[in-house]
Every structure is written in C-alpha cells, then in structure tokens.
Number of protein chains: 4
Amino acid sequence: MTRSAPSSPKDPVKRRGAPVVERVLEVALEALAERGFQGLSVPEVAERAGLNKTSVYRRWPTKEALVAAALESALGHAAPLPDTGSLYEDLVVFAHTAVAFVTAPLGRAVMRTLLADADNPEVRAIADEMLAAQRSGPRVIFRRAQERGELDANADVTMALTVVAGAILHRSLIEQKSVSKDFIQRLVSLVVRGLGPAPKP
Amino acid sequence: MTRSAPSSPKDPVKRRGAPVVERVLEVALEALAERGFQGLSVPEVAERAGLNKTSVYRRWPTKEALVAAALESALGHAAPLPDTGSLYEDLVVFAHTAVAFVTAPLGRAVMRTLLADADNPEVRAIADEMLAAQRSGPRVIFRRAQERGELDANADVTMALTVVAGAILHRSLIEQKSVSKDFIQRLVSLVVRGLGPAPKP
Amino acid sequence: MTRSAPSSPKDPVKRRGAPVVERVLEVALEALAERGFQGLSVPEVAERAGLNKTSVYRRWPTKEALVAAALESALGHAAPLPDTGSLYEDLVVFAHTAVAFVTAPLGRAVMRTLLADADNPEVRAIADEMLAAQRSGPRVIFRRAQERGELDANADVTMALTVVAGAILHRSLIEQKSVSKDFIQRLVSLVVRGLGPAPKP
Amino acid sequence: MTRSAPSSPKDPVKRRGAPVVERVLEVALEALAERGFQGLSVPEVAERAGLNKTSVYRRWPTKEALVAAALESALGHAAPLPDTGSLYEDLVVFAHTAVAFVTAPLGRAVMRTLLADADNPEVRAIADEMLAAQRSGPRVIFRRAQERGELDANADVTMALTVVAGAILHRSLIEQKSVSKDFIQRLVSLVVRGLGPAPKP
DNA sequence: ACTTAACCGAGACGGTACGTCTGGTCTTTCG
DNA sequence: CGAAAGACCAGACGTACCGTCTCGGTTAAGT
C-alpha cells in the first residue's frame, strides 16, 4: 500500500479543483458586489473565472449555493480590535475598518445582499451571520471604556453602534460621498459626546 | 361603454386614458419596492395593472422611462415640518416621518434604487433629487434651534442629519428590526446630546 | 384597415403564420428523410425554415408533435389507381408509383421512421396509417383481376402485395440500386406467374 | 491460451482485456440493434458492459471504430446451405435462416445500419460486405435446381433472391408481423411458381 | 518476490446542443 | 385612434451528454 500524504488520508474530491474553487468564489464575490444577487448569473461567473459554465454548475447546482459558498469562504477575516486606551481613538480606528469593509468587494456584496436581495433565506442567513460577527467585536470597545470609567455603565451602546454603522452606510451608499478621515472624526465626536451625560442648559 | 358586462364579473381594471396611467405608475412603484430596479419587468407591471404589455410599452418605451415616471409621479408629498419649539421634539417628529417614508412603498423603492440599483443615471438622478428634497426640510429644524439659542451656531448639522437618517436606515433595512418609538427617542437623545458641548470629564 | 376580409372566413389565428407553418412542415419532412427521427432537432428545422426556434416550439411543443404534423400534412396524396384491364399492366403502374413514393422525401421519411425510429408510438401510429393507406388501394387491382377471371379467387393477394413492396424496398434501400423499369417488369412478371396455378412438371 | 509469444517485445493489445473485448462488442451489437447507429453512445455501451467509458474509448477511439469492430467480430457465421434435392424445400430452409438472421441482434443491427444509418462509409462498407456474404450462398440453391432440371436455365435468380429477402424484410420490419412458417411456405410457393414458365391462359 | 508497465476506475473538465423562459418589437384586429 | 392579442425575434439560462484528460489503484507479465 502506498499510503501517501498521511495528512490527507482520503481526498477524492478537489484534487484538481482546489485552485479552481478559490478562483470561482473570488469572482463570484466580485460579481455579487457589482450586480447584486439577482443580477448575478452563474455563466457570467464561470466565464470571468475562465472556466466552462458546466464546471461551475457541477460544484454549485444553484446560484444560491454558489453565493452562499462565496460568502462563507470570505468569513473569518475579523479585523483586530483596537485598544488605544481611549474610547474616541478606539472608535475612530473601528470606524476605519468598517469603512474598509463596506468599500471592499466582500463588504459591498454583503451590503447589497442585505439591502436589496434579502429574499433568499439561505443567502440571507449567511449575510446576517457575517453582520453579527462584524458587530460583536466593537462591543468590547465600549465595555472597556466602561471599565475605565470613561463611559457610563448604562450608556446606550447598541444605539451607538447602530449610529456609527448607519452614518457610514448612509454617507457612502446613499449620499455616495467618500468617507473621509474628517467625517469619521466628526462622527465619532458626536457619538462620544452623545453617550455622555446631557449637557447643562 | 361596457360598464356592466354581466358576462365578466371581474371587470378589467380601468380601461382607458388617465386612470390607466395612474394605475400603472402605482403598480410600478410597488414592483420597484419589491423587486428593485433590475428585478422589475415591464410585462410584469402590465399584467399587474391589468393591461397588455404593448399598451405599457407604447407610453413608456423603456423600463427606465417607466420607473422615472413612477418616481416622479410620487414626488412633492413633502411632509409638513414640525415646529414644537424644542429641538428634541422636532427631531422626534421628523424621525417619525422619515421612518414612515422608508416604510412606505415609495420610500422603499427609492432606497432600493439608491442602494442597489444605482447603475442607471437617469433613474439615479430622480432618486437623488427625491433624497435631497427629503433632506432639505429638516435643516430648518436645526436653524430654528440655533436661532432659539438651543444649539450652538457651528454645530455639525449635516452630520446630525446623516446620523439620524443612517441610524434609521440601518435599523430598518440592515438589522431588519422595527423602528420603535423608543428607538427614535433614544436616537434623538443621543444626537441632541452629541450636538452639544463636550461633557465635562 | 377595417376591411372585414370576406375572403378569409377562416379562424382568426395564424394570419401571419399560415405560410410559416407550411414552410416548417416541409422542412421538417426533408430533415426527417435526411436524419431520421432521432437525428432531427427542432432548432435545426427552425433555422432551415428561416425562423426562430421559439416560434417553432410555440406551435409544436415537442419533436413528436412536429413530426406528426409534418407527416400528417403530407397525407392524402393518394395516387390514382390504374385500371388498364390487365393485371400485369396495373401492377407495373402501381409499382412505379410505389417507387416514386419511396424515392420522394415523404416516402423516405416514412420508411426511415418505420424502419429505424419506430419507438415513439405517436409517430409510429401516423406512419402506420400512411402505410395502410398506401396498401389499401392496390388490393382493388387484384379484386378486379379476380372479377375478370384473370386471377384465381383464392390467390394469395396479401402475399403478392408484400412481395412487390418488399422487393422494391430491398432493391432501393438495401441493395441501394436504382429501381429500373426493367426491374419492375421482371418483378411483376414473377409475381403474376407466381399467383397463377402451379406449372406442369 | 493464445500463444503467449515471448518474442513479441510489445503486445499492447489484450493482455488483460481479451474477455472484456468480447463482452463490449457483444453489447455494442445489441445496442446497435436497439438504438441504431446514431442512437448508440459509447458511454452507454461501456455502462452496459460493466466498465468505465474511458476503458472503451481507449480501445476504440470513435463510435465508428467500435461499431465496425462489433460488426466485424460477428462475421463468418454463414449458415450451412441446405441441400434437400428440392428447390422448394431448399428455399424454405434458407428463408428460415434468413428470418433467424433478421431476428437476431446481429441481423437487426445490420439492417438498421443499412436502412437508416448508412451515413458513415466505413460502417456502411462492413454492413454491405455482410449482406453480400448473406446473398452469395443461396445462389447455389438455384444453380443446383437448374442442374437438376427443376428450374429453367435463364430463370431470374437474382430477382427471386430479392423477392424472398424483400418479402421477409417487409413482413418483419415494415408490417411488424411475425414471420410464421405458413408465411414462408406461401412465399416460397409463390416464388417457385413465379420462376417457372408462364401459366397457360 | 519484486519491479514494471499496461490496464482499469473515477471523475473533473471543455464543449456542443437542446429546450425553456422572458423581454421587447411588430403586425393585425377590435371597439 | 387606442387597446388587445399574440406572432415573432433575440438572447440567456440551466441541463444533458459526449469525448478528453489526469489522476490513483490494480492486475498481469518478466527479471
């Protein structure tokens, strides 16, 4: 017996296909960002990836499966959480990563899917999961600020997150203006102030 | 005129002229909200409106023209601006109208178009225009607050608007949760506080 | 123009399509003769007929329906029965028409269908029907010969028909040789003699 | 064992495959009879023979080669010629072998190929050859009858053969009826009579 | 017994064609 | 004249099948 490669005892599938899979999913993600879910066509992805459409259909029988796989393959790239010792600084750094996410193909794809093509439950579920992952991290920022005493214990953290994310979203996708560093600073300023106690009249 | 038509209990909706146009544009708006721009098809609108697709094509030769007309027909329903004498109250009222807008078919259609189907410039222009109209009003709220001395003269009004709109947008479309009265109050609280001077440490 | 067109009291459908139908069926018959039933493809027929494949599919949803229609449209061209007063002469004339049938596209199509593609019952039925029609006529020839006393009353008429048809079939399709006038005469001679009483030893 | 021939430095063919080859060709013949030439697919033959399609393609690169090999492998099974001393009896026996041939898979395959799928010249040539072999034998029957004086020297022997073969062909393939013993007797009777002198009126 | 080389199984892949579906144009008829 | 009906074209889509290729694994021969 020629037991080769003990690390892969049996790998009947994807001996030839491994690089192909990556390429296709990458292309699918791009296309998803450009055209949205319903505008995406499997033949187009196949052509862009440089292989025959039948080969794509073989692996992912439906468009949903392809998109789900593409989204899933891009999961787990959580950005490292900032810890500068200052809520303001932390939030600025986090906002930048959020902007980067929304600007990159993956983020655009997720956003388009969430906003416009949320009909398919399978895809929707994955996109939701990605969004939750995206939101779970930053909560730590606020908790640390609370532990430092920089933030009140019952500050509306959830609202702050929604505000930061929503403002960036609105700015980049609705107003279609670039999210500048200045914008982020003004946004974070407003939020940090807003989380504090009411100003004296 | 076939008013009674006993042979057909279900009268074929609106047969000629002006009422037909209204019906079609109304249906087009609904479909736009449901399917988005690229998901909308002229034959489908025709069928839903109860007339032959050729009749629709006669009036609006392209899908763009139909959508543009539909959006345009829904313009000019600017909500009355609140003037309660309190920035907080004014913003709460405004936020409610914004939520109503985003919830209604027209608003959803505009949002979907802006977010996901912004490729066509003609349609995009109209949607932009609607958005600008939606934003022009509320600025008065802040100006009045500044005149009352309730708000600093160089407060970041633009940011405040973006934050309110963005948060509502994020809440309803991304998180897919209902925008409750409580949510709005907390949102406006945060924004009003954020517009004030920095809290004392 | 509103001319009610009394010249066409026919059904309201196929005003544009009437000539198209003929053309398609004609082409289908040709293709059937060339490629056989299973070798025939609807798109190919459409292209040869100069119209879009969807137009063909609209009228005949399946290949079977198209072939059935093509065969049916070619029915009813029964050749006039000869009546020369001589069994030999009658058979010679009839054999010539049989040869013409087998040589023409229609005949070849029927033969190919009967011989090679007899799997589909719908098509098979039509081809069978055509064959029966083709055989019903010639029996009269023998009956008249019997009435004239030229032929014995219990002569094996069915066998004679099978022999004439089979020999022509074998000659033209199996041996692939032309069916000459001389061949026909020798064939009929043999059959006529064979129908008579046994020769004296 | 087939002469292992140690002198042969290279014996690329059939070290392991000898029984496989037989099985494949046998199956191919069956499939040819069932589906005809153009309906036959190499993968299907492979599956029916219980081996992988690549194994079949390795030996016979094209469908034509496979069919040619299948037909060729079935050659040379000439039935022994009858010699009963009576033309009638000889012909009856011969007709039975002809019926057996046409009924068996091999015969049906040859017939289908000759009748319907005669496009490929290579295959066609082999089928023609088989047909010629099938016809060469029976001529002896007539020659012996002539030598016995039972048959006139210038009787139309070729026509008689065509008639017998054609009638059987027509009966079994066109009329799709079984070729009974009675049918054969009546057929031979007619032919034998037909070969004799014209009956006296 | 061990090596070697032909053979076989498995399945990914490109490619072609098919039949379906839908969108948009056009002609003809009806009211 | 406008609306209905629907034939028609165009093109994309997903499926099926074919034939090629490249891997491994196995079998049969030969030192």
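Chain A is the first sequence line, chain B the second, and so forth, proteins listed ahead of strands; every chain is numbered from 1.
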Has the side chain of D:R112 got a donor or acceptor atom that lies under 3.5 Å from a matching backbone atom of D:E34?
-> yes
Under 3.5 Å: donor-acceptor pair, side chain of A:K63, backbone of A:L40 = yes
A:V110: which of A:L71, A:L29, A:I126, A:D128 passes side-chain contact (heavy atoms from CB on, under 4.5 Å) | A:L71
Whole-Å distance between [N] [atom2] and [X] [atom1]?
X: C:R58; N: F:dC9; atom1: CZ; atom2: P; answer: 8 Å
X: D:Q38; N: F:dC18; atom1: CD; atom2: C1'; answer: 15 Å
X: B:E47; N: E:dG24; atom1: CD; atom2: C1'; answer: 16 Å
X: D:W60; N: E:dC8; atom1: CH2; atom2: C1'; answer: 13 Å

The salt bridge (Lys or Arg N to Asp or Glu O under 4.0 Å) partners of D:E44 (sequence neighbours excluded) come to D:R35, D:R48
Closest to the B:R59 side chain, choosing from F:dC9, F:dA7, F:dA3 = F:dA3
Select from A:L51 and D:L51 the residue whose nearest nucleotide in DNA chain E is closer to the 5' end of that strand.
-> D:L51
Produce a footprint string for nucleotides 17-22 of chain E: one letter per nucleotide, 5' end first; B if the base is under 4.0 Å from any protein heavy atom, S if only the sugar-phosphate is, - if neither.
-> -SBBB-
Sequence neighbours left out, what passes side chain to side chain contact (heavy atoms under 4.5 Å, CB included) with D:A46? Give chain and number order.
-> D:K53, D:V56
Counting only heavy atoms not in A:E47, do more than 12 fall under 6.0 Å of its CD?
-> no
Using a cut-off of less than 4.0 Å, is there contact between a side-chain N or O of C:S55 and OP1 or OP2 of F:dA7?
-> no
